[in-house]
Amino acid sequence: MPLSDRTIRPVWLGRRPLSEEEKSEEIVQIAVCQNAVLGALVQLASLVRHADDIFCDLAEECQKVFEKTESIGYRLENVDRIVKQLDSTEVKIRK
């Protein structure tokens, strides 16, 4: 299995300290929920950036494979053309 270039580790989603106005009893639960949702969105954004990097790397590798395949195809066409031009009756065999 290949070594990973990128690792994503979960973090505590709601671990941001509450401000003074968020510490009132009515707002604490809402503030904690909002912190958790915000943390989840930040993690999802990080995951999307990693996925974008992975797919960009994959696209680059596919482009390299395509270019190499094209090069090999041109070389094979050249060899095929040369082989078709060969004529065994023109070559003199030494004694």
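Source: prediction; values computed, not measured. For this chain, numbers begin at 1 and follow the sequence in order.
- By the 6.0 Å contact criterion, CZ on Arg81 is enclosed, its count of non-hydrogen atoms from other residues, nucleotides or ligands being greater than 12.
- Salt bridge annotation for Asp53-Arg49: absent, with no cationic side-chain nitrogen under 4.0 angstrom from a carboxylate oxygen.
- Between Phe55 and Leu58 there is a side-chain heavy-atom pair separated by less than 4.5 Å.
- From Gln34, atom CD reaches atom CG of Leu38 across 9.0 Å, with rounding to the nearest 0.5 Å.
- Considering CG of Leu41 and OG of Ser46, their distance stands at 12.5 Å, rounded to 0.5 Å.
- Residue Leu76 holds its CG atom at 9.5 Å from OG of Ser71, rounded to the nearest 0.5 Å.
- To the nearest 0.5 Å, atom CD of residue Glu61 and atom CD of residue Gln63 are 11.0 Å apart.
- Within the 3.5 Å criterion, the main-chain N or O of Val65 finds a donor-acceptor partner in the side chain of Thr69.
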